[in-house]
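Worksheet: the structure to be examined is printed underneath.
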Amino acid sequence: MTVTAPAHAPAPPTSPARRSGFRNVAVTAALLAPAGVTIVALVLVPLVLVVRDSFATADPYGGIQGGFTLANYQQLLDPVYLKVFGYSLGMAALNTVVCLVLGYVVSYYLAGRPPQRQGLLLLLIIVPFWTDFLVRTFAWINLLSPGGPVNTLTDALGLTDGPTRWIPSQGASFVGLVYAFLPTAIFPVYASLRGVDPALGEAARDLGCGWWRVHTKVLLPLARPGLLAAALLTFVPTLGVFVIPVLLGGGKHELVGNLIVTLYTEFRNQPMGAAASVVLLTLMIVSLAVFGTAAGRLRRKAS
């Protein structure tokens with residue numbers, strides 16, 4: 001008696017839902033591929049190279065010789081370099097505080113204007129962004145030059161007598177930093193204050209709160225998300241600025257960005273410049289983590 005092996009059961013056809021899922025995944029991957037390739041080629045690969053170079057040794061001409069050493073980071077512990085990092089952190093913190101105060105004042109004024117006028121005022125704040133950053137920095141050289149508009153104004157007010165040299169100086173450098181990052185501090189704070197009901201401030205005043213308590217007890221707590229975002233957008237970029245201290249400060253007080261440029265160009269020490277870049281990146285990541293933690297606590301309190 002011959003036993004016939006049972007025929008294999010046909011595989012179930014692929015369901016339409018699965019085919020649709022595969023198609024969606026393929027379409028999503030195709031759409032994200034250009035952005036992914038760009039990020040890998042222009043961000044991740046250079047970052048990996050910089051990190052690798054920071055542990056390399058330098059040849060007699062300052063190039064990358066290879067090998068592995070921690071000497072580049074050990075040299076950055078020299079008091080000269082630590083002073084630059086400390087000065088950069090202090091200047092970034094001071095610039096952040098000033099931009100937050102001025103940004104809050106300007107945002108409060110904008111939020112209290114009629115909607116039609118708000119658009120015009122915001123346009124006036126955005127207009128400087130239409131000009132190149134370097135051009136705007138050079139404009140401050142003309143404004144602060146001896147006999148320039150600022151000097152003329154101070155002469156008229158009796159604060160100075162005759163041509164006064166404002167640049168290069170640390171004060172001019174700080175003014176340039178505030179000018180460069182103040183608009184980025186205004187927009188997040190304005191977005192937060194715009195969503196606050198004006199009746200809250202009026203109710204606080206009716207209940208006996210003065211101007212100071214209305215802001216500190218009512219408006220500032222509601223504007224904390226915008227203030228936090230403004231602090232992040234001001235503090236982190238200030239650490240890497242190098243054009244303003246050179247043009248307005250004369251390079252006498254360097255930020256970390258100036259140190260990196262000096263190590264790469266003047267000292268011709270690429271491994272050490274890469275190490276300084278990694279330290280700067282680490283400082284930025286730590287700053288982002290601190291601001292992110294603060295933002296998470298604000299959200300938990302709000303919920």
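What you see is a predicted model, and the numbers here were worked out from it, not measured in a lab.
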Q. Is V127 reachable from I186 through a run of hydrophobic residues whose side-chain heavy atoms are each under 4.5 Å from the next?
A. yes
Q) With no hydrogens and no angle check, is any side-chain donor or acceptor of N72 less than 3.5 Å from a backbone partner on S54? A) yes
Q: Please check if the side chain of S169 supplies one atom and the backbone of W166 the other of a donor-acceptor pair under 3.5 Å.
A: yes
Q.
I'd like to know if the side chain of S173 reaches the main chain of Q170, judged simply by a donor and an acceptor atom lying under 3.5 Å from each other, with no hydrogens or angles considered.
A. no
Q.
Exactly one of V261, N258, V241 should register a side chain to side chain contact (heavy atoms under 4.5 Å, CB included) with V246. Which one does?
A. N258
Q | Joint hydrophobic cluster, F68 plus Y73, side-chain heavy atoms closer than 4.5 Å | A | yes
Q.
Please say yes or no: joined through hydrophobic side-chain contacts below 4.5 Å, possibly via intermediate residues, are V178 and Y109 part of one cluster?
A. yes
Q: Compare all side-chain heavy atoms of V189 with those of Y108 and state whether any distance is below 4.5 angstrom.
A: no
Q: Report, as yes or no, whether the 6.0 Å neighbourhood of atom CZ on R194 holds more than 12 heavy atoms from other residues, nucleotides or ligands.
A: no
Q. Is R117 atom CZ crowded by more than 12 heavy atoms from other residues, nucleotides or ligands, each under 6.0 Å away?
A. no
**Q.** Minimum heavy-atom distance A276-L263, with the two atoms named
**A.** CB-CD1, 3.9 Å
(Q) Distance alone, cut at 3.5 Å: any donor-acceptor contact between the side chains of Y87 and E254? (A) no
Q.
Heavy-atom count check: over 12 atoms from other residues, nucleotides or ligands less than 6.0 Å from F242 CZ?
A. no
Q.
Check whether Q118 reaches the backbone of R113 with its side chain - one donor and one acceptor, N or O, closer than 3.5 Å.
A. yes
